[in-house]
Amino acid sequence: MDSQYLAQLNESQRAAATHLDGPLLVVAGPGSGKTRVITCRIAHMIASGISPANIIALTFTNKAAQEMRSRLEQLVGPSQVWLGTFHGFCVRLLRRYARLVGLPEHFNIYDADDALALLKEAVKASDFELTHAPIGVLANRISYFKNRLVTPEILESATLSSDEYQVGQVYPFYQQALLRCGAVDFDDILMHTATLLRSNQELRQQLDERFRYVLVDEYQDTNLAQYVIVRHLCVDHPNLAATGDPDQSIYGWRGANVKNVAHLERDYPDLTVVRLQDNYRSTPEILTIADCLIQNNENRKPKELLAARQPGNPVRLAIYPTARAEAEDVADQIVALTEQGDFHPKDFGILYRTNAHSRLIEHALLRRQIEYQLIGGFRFFLRKEIKDLLAYLLLVHNPEDGIALQRAINTPPRGIGKKTVEQIASYAGKHGLSLLDACRQCVQFAMLSKRATTSLKSFLSIYDQLCSIVHGPLLDLLQVTIELTGYREHLSKQKTSGEESSDIATNLDELLAEASELDREVREDQSALEYFLEVAALQADTDKLKSDRNVVTLMTLHAAKGLEFSCVYVLAVEENILPHARSKEDSQQLEEERRLLFVGITRAKDQLQLSYAKSRGFSGQGSGVPSSFLMELPRSEMQILDKTESSYDEYHDDDSQDQYFDRRPVEWDEVSQVGPEEQGDLAVQFDEDCQLPPEEITASMRKRLGRSASGRAILRVGSDFEASPPRMNMALFQKGCLVSHPEFGSGEITATSGHGPKKSATIRFFSSGDSRTFRLSHVSLTIEHPE
DNA sequence: ACTCGTAGCCTTTTT
DNA sequence: GGCTACGAGT
């Protein structure tokens, strides 16, 4: 029975899965069967007599938790194992022990919008001018503080750089405001929990005892707060099993600290480390590319990716004239591949750096009537109509919630304007009242205009009626809210196009459906309302991703972590986009960007295309410069699809959807030889006479990057190693040399560094004036002899 | 108090 | 290209 599922595991997987007591670190490369190991391990633990109630497994996303739960259920059926996200777990704890950290039990959870609104108020209240930092930056800084457990109190006694000074001034005000509203933001959820565990020994011991076996997934993405939480749960029972991959650490900007992985060895000297290096997901071609890329990270322990699969297709690097062409071609490819019947829509994942990049590809897919699901962007619960209604529920749940009140008080518009709210707020401030109580007193003492008083009365009456049914079914509560507020009438009055209003109606229905579903699944000891609000606050959009829908998936690289697709397209691999412009100053951040691309690449099972466009529609960004990461990839191992020199208009004519076929005259297997007309074009000139020390020659030099005169797509595969490997004298590339780069044109070498296969040259290009550094073994340079 | 128009601002990535 | 915040008009 035990052996049934253990037998499916390889040796190291089994070692990890059968480890019971004591600290364990599983370093699991992409596609190495990590989730399977975790679920098998839990199953094994239960089979070995460990009570499921003593086991907790923490993930970052609900999606990951669900995946794990369903796979565990396949093995052992429903169990009492605590399986959930960090945030979900922490909220549960905080609900129970709210008072220990100074929170009301019915605290509300603020999403980014609410938190930002509150921060704005706090900034106003603090009387500091924000001439320099935009509010968003401020919010990020505060978030960063919180993730590192820097409380306002600590901040007081700290010396701040001028950069941090402003944040230091505003942060305490913001935190006070949250407290007054009886609310927490996302970061508070972790920070308060860490505080709770740190300052309550007894409770800590209790929980340590209760959760004797702790599993943490994606450990490389834990921040200090999460580290502290986990650490405090694993003192008396140090049975912590962390799984992760430092190469997939992509949340440093959110305070995640890869060093937490290394700290495990410090904290637990008897740590058992298991490495899962066999990759069952991707073809060797894809893994080679991934490996070449990630090796460029200096700050990294070498790690191998061992391909378990048979060779497949080469990875493709596609170059497009415009972002539009990129989108259209990718869509064409998907049409072609699905029509051939080899792939289904659900096999495709289209990944990009920022949400904004989804637009063009969405258009392209829409026009071809390819169904897709877009992950990220705006979440369901962030929609205006949803938030409007939720504001009432939040207020009913927690009367202190000033942000919710301000949203609800005049939606739908009932004549309570800014001015009135200001008066109420100032009255509340003076008397130390919540906004809601201030409202009541203002009505009672008739302190406002008659009109405002009447409106306020009706608002308060709605509120009171809702409160009276708060313990009933959630569905009723929502429906009564809609009725009493006249929300539907309000919507129909709005001048929205038919399409939009039907969208909104659908959203409302969906909300009601969700509510009635929660009514059914809510546990006895829990308030349906509270549960609902938690779900609304903590459910990310990625969680709604449904792998059973047979549609193409679009999402950011971040959201793609943990997923896999047969065919992956990574769009806009361009300088200032994939190494994002804002991450280039700092080498740490740059490496994180590299890991991000690594994550993208390793999502692919069978086919992978990386692409960039020479021009990308809107202003400034991504001026068509390929990502420096692409320079780190061996062209010899890739297929180049260059669509830049063809006439895009011609290609783009309406009924030209077969263009993709037309322009792939060369099949995968036929591409080893170079046509005669192209030989003169060979990008690399070889000096046959020159004797080289062997280390000056690398396999990667045996490459050919070709492009036909007509500019038609030329496919090259560098597997023809036997075909007289040409030798190039790297010594020829010296400072002052004039060279030509296949993608950037002519330039001058301004510096060289390194030796042997690592030798690289810095080139200043004449056209752009930019300097870039290339590893010579990875780039095809032509030496230009000035005649 | 609300609606409509425009100018300036953006733009990472997410629980 | 898209949204938001702010301002003038009703």
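Owing to the predicted nature of the structure, the values given are computational and were not obtained by experimental measurement. Naming convention: chains lettered A, B, ... in sequence-line order (proteins, then strands); numbering from 1 in each chain.
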How long is the line joining CG of A:Leu596 and C1' of B:dT13, in whole Å? 7 Å
Any donor-acceptor pair under 3.5 Å from A:Asp401 side chain to A:Asn108 backbone: no
How do A:Gln589 and A:Arg414 order along DNA chain B: which one's closest nucleotide is nearer the 5' end? A:Arg414
Ignoring hydrogens and geometry beyond distance, is a side-chain donor-acceptor pair present between A:Glu121 and A:Gln406 at under 3.5 Å? yes
On DNA chain B, check which nucleotide each of A:Thr556 and A:Arg451 is closest to and give me the residue with the more 5' one. A:Arg451
Separation of B:dT14 C1' from A:Lys63 NZ (nearest whole Å): 17 Å
With centres under 5.5 Å and planes under 30° as the test, does A:Trp253 stack with B:dT13? yes
Whole angstroms only, please: what is the CD1-P distance between A:Ile250 and B:dT15? 11 Å
A:Asn62 atom CG is separated from B:dT14 atom C1', nearest whole Å, by 12 Å
Check every atom of B:dT15, B:dA1, C:dA5 against the side chain of A:Thr420 and return the nucleotide holding the closest atom. B:dA1
At less than 4.0 Å, is any side-chain N or O atom of A:Thr61 found next to OP1 or OP2 of B:dT14? Yes or no. no
Nucleotide nearest A:Lys419 (side chain, heavy atoms from C-beta), chosen from B:dT14, B:dT13, B:dA1: B:dA1
Could you check whether A:Arg95 makes a cation-pi contact with A:Phe107, meaning its NZ or CZ is under 6.0 Å from the centre of the six-membered ring and within 45° of the ring axis? yes
Under 4.0 Å between a Lys/Arg side-chain N and an Asp/Glu carboxylate O for A:Lys34 and A:Asp245? no
Over all strands shown, is A:Asn410 touching base, sugar-phosphate only, or nothing at heavy-atom distances under 4.0 angstrom? sugar-phosphate
Can A:Glu362 and A:Arg367 be counted as an ion pair, charged N to O under 4.0 angstrom? no
Rounding to a whole Å, what distance do you find between A:Glu592:CD and B:dT14:P? 12 Å
With a 4.0 Å cut-off on heavy atoms, is A:Ser583 in touch with a base, just the backbone sugar-phosphate, or nothing at all? nothing
Under-4.0 Å salt bridge between A:Lys387 and A:Asp111: yes
When rounded to whole Å, the CG to P distance for the pair A:Asp188 and B:dT14 reads 21 Å
Which nucleotide, C:dA5, B:dA1, B:dT13, lies nearest any side-chain atom of A:Lys120? C:dA5
Check the distance between B:dT14's P and A:Ile189's CD1 and give it to me in whole angstrom. 17 Å
Presence of A:Asn147 side-chain N/O under 4.0 Å of B:dT15 phosphate oxygens OP1/OP2: no
Classify the nucleic acid contact of A:Phe86 as base, sugar-phosphate or nothing, counting any heavy atom under 4.0 Å across all strands shown. nothing
Of the options C:dG1, B:dC2, B:dT14, whose atoms approach the side-chain atoms of A:Pro413 most closely? B:dC2
Short side-chain N/O contact from A:Asn355 to OP1 or OP2 of B:dT13, under 4.0 Å: yes
Rounded interatomic separation in angstrom, taking CD from A:Glu574 and C1' from B:dT11: 15 Å
